[in-house]
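Okay, structure first, notes after.
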Amino acid sequence: MADAAVVRALGDPALGSAVADWFADAARDLPWRAEGFGAWGVLVSEIMLQQTQVDRVIPRLAAWLERWPTPADLAASPPSEAVRMWDRLGYPRRALRLHACATAIAEEHGNVVPDDVDALLALPGIGDYTARAVAVFAYRQRHPVVDTNTRRVIARAVLGHAEAAPPHRRDLVDMTALLPEDVAASTVVNAGVMELGAIVCTARSPRCDACPIAARCAWRAAGYPAYDGPVRQRQARFEGSDRQARGRILAELRRSEVPVPAAELLALAPDAAQLERALDGLVADGLATGDPDSGYALPGS
DNA sequence: TAACCGTGGGT
DNA sequence: TACCCAAGGTT
């Protein structure tokens, strides 16, 4: 009878409050948690944090917000500058989408980051996680914030599994079950569960001795059974990949203030055919403009 | 929907 | 050293 559906329906509010108590002391002092950091800062931070470690984001975020304190400031600069400022944070399409996002906010939302989840979801580069993270952490609303950390904590502490199953909309229900009705308290649980997954209940080597809910953890109680869910896709090898080729090309474009000759780009690695494919992809994505005769540059520069 | 999209830190 | 993994989103 204690199947997953029952567990999900019941949830465990005590788990959430225990994590919140721990968070009050253990929370890291991160820039976006400062009082009055602002919704624009929160939004930029959340986009930079997509698949990117906190320590790499912090300096880039500070530089970004100093240069572009509001969405309209960013919208007034060409996309090429956004891609340059993005530097080597990775997934540079995020820089382009953040620029588009800023333009939409400036033109359609009076230069104010929307506080409505659906309005946020309609913006480029903002999905289920980021929309709710902004609504919760910038505007103090009550929504389930589900990221890789919360999914892992719930998989272990609540469901008794070593790892989270592939993402599913059901995850929103699972996280909601941990949230207290009180709105202010719910924001702390959201932040606390994320923090627990980030610094204690980590993927590789969880520090169960430092975990505030070890005594309530279903995975621990079950004797740490190995993961037995569906086989999960491994990230493709990076060395020799198209992604690496794209990165090399984009690094050249960032470095140059004038169009770079095609021949120069196609000589960045042994496989010219791959570089050509990568270059076409960058142009298709809007990360590069140009043609074989006049050379290539960042967009809108 | 499964595949794709960068770069670097941790083990 | 390789490999895993990272405050995901889009197509």
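Predicted, not measured: the structure shown is a model, and the values here were computed from it. Convention: sequence-line order gives letters A, B, ...; per-chain numbering from 1. Basis for what follows: all heavy atoms, side chains included, without hydrogens, waters or symmetry-related copies.
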Need one value for [X]: base, sugar-phosphate or nothing, where a base atom within 4.0 Å counts as base even if backbone is also close, heavy atoms only.
{"X": "A:Arg277", "result": "nothing"}
{"X": "A:Arg28", "result": "base"}
{"X": "A:Asp285", "result": "nothing"}
{"X": "A:Thr148", "result": "sugar-phosphate"}
{"X": "A:Thr130", "result": "sugar-phosphate"}
{"X": "A:Ala203", "result": "sugar-phosphate"}
{"X": "A:Trp86", "result": "nothing"}
{"X": "A:Pro167", "result": "nothing"}
{"X": "A:Gly127", "result": "sugar-phosphate"}
{"X": "A:Arg93", "result": "base"}
{"X": "A:Leu250", "result": "nothing"}
{"X": "A:Leu98", "result": "nothing"}

[X] [atom1] - [N] [atom2] separation (whole Å):
{"X": "A:Ile47", "N": "B:dT7", "atom1": "CD1", "atom2": "C1'", "answer": "18 Å"}
{"X": "A:Arg88", "N": "B:dT7", "atom1": "CZ", "atom2": "P", "answer": "5 Å"}
{"X": "A:Arg232", "N": "B:dC4", "atom1": "CZ", "atom2": "C1'", "answer": "18 Å"}
{"X": "A:Leu96", "N": "B:dG6", "atom1": "CG", "atom2": "P", "answer": "11 Å"}
{"X": "A:Arg97", "N": "B:dG6", "atom1": "CZ", "atom2": "P", "answer": "10 Å"}
{"X": "A:Gln51", "N": "B:dC4", "atom1": "CD", "atom2": "P", "answer": "15 Å"}
{"X": "A:Arg237", "N": "B:dA3", "atom1": "CZ", "atom2": "P", "answer": "19 Å"}
{"X": "A:Gln235", "N": "B:dA2", "atom1": "CD", "atom2": "P", "answer": "17 Å"}

If I pick the [atom1] atom on [M] and the same atom on [N], what distance separates them, to the nearest angstrom?
{"N": "C:dA7", "M": "B:dA3", "atom1": "C1'", "result": "22 Å"}
{"N": "B:dC5", "M": "C:dC5", "atom1": "C1'", "result": "16 Å"}
{"N": "B:dG8", "M": "C:dT1", "atom1": "C1'", "result": "16 Å"}

Worksheet, complete the sentence: Assert: residue with more 5' nearest nucleotide on DNA chain B, out of A:Ser205 and A:Asp242, is A:Asp242

Discussion item. Between A:Trp22 and A:Ile213, is the side chain to side chain contact (heavy atoms under 4.5 Å, CB included) condition met? List the steps.
Written reply: CA-CA 9 Å; A:Trp22 165 83; A:Ile213 56 171; over 6 Å; no

Worksheet entry | Side chain A:Asp280, main chain A:Arg277, donor-acceptor under 3.5 Å | no

Worksheet item: So, A:Arg232 side chain and A:Pro166 main chain: donor-acceptor pair closer than 3.5 Å or not?
Response: no

Discussion item. On a heavy-atom basis, which atom in A:Leu179 and which in A:Ser186 lie closest, and how many Å separate them?
Written reply: CD2-O, 3.7 Å

Response to the item:
What one should report as the nearest heavy-atom pair of A:Arg28 and A:Arg33 is O-NH1, 3.0 Å

Worksheet item: For the side chain of A:Arg56 and the base of B:dT7, is some donor closer than 3.5 Å to an acceptor across the two?
Response: yes

Worksheet entry | Apart from A:Leu298 itself, residues in the same hydrophobic cluster as defined by side-chain heavy atoms under 4.5 Å | A:Val83, A:Leu96, A:Ile249, A:Leu250, A:Leu253, A:Val260, A:Leu265, A:Leu266, A:Leu268, A:Leu275, A:Leu279, A:Leu282, A:Val283, A:Leu287, A:Tyr296

Item to complete: Begin from the C-alpha positions of A:Arg94 and A:Thr52 and carry the test side chain to side chain donor-acceptor pair (under 3.5 Å) through to its verdict.
Response: CA-CA 11 Å; A:Arg94 290 184 292 168; A:Thr52 307; 2.9 Å; yes

Worksheet item: Which nucleotide of DNA chain C is the first, and which the last, in the 5' to 3' direction, to come under 4.0 Å of a heavy atom belonging to chain A?
Response: C:dC3 to C:dT10

Fill in: Pair A:Arg132 + A:Asp128, salt bridge at N-O below 4.0 Å
yes

Worksheet item: Quick one: is A:Arg243 getting a side-chain N or O under 4.0 Å of the B:dT7 phosphate, OP1 or OP2?
Response: no

Worksheet item: Does the side chain to side chain contact (heavy atoms under 4.5 Å, CB included) test come out yes or no for A:Leu30 and A:Phe37, once each step is laid out?
Response: CA-CA 11 Å; A:Leu30 301 174; A:Phe37 193 70; over 6 Å; no

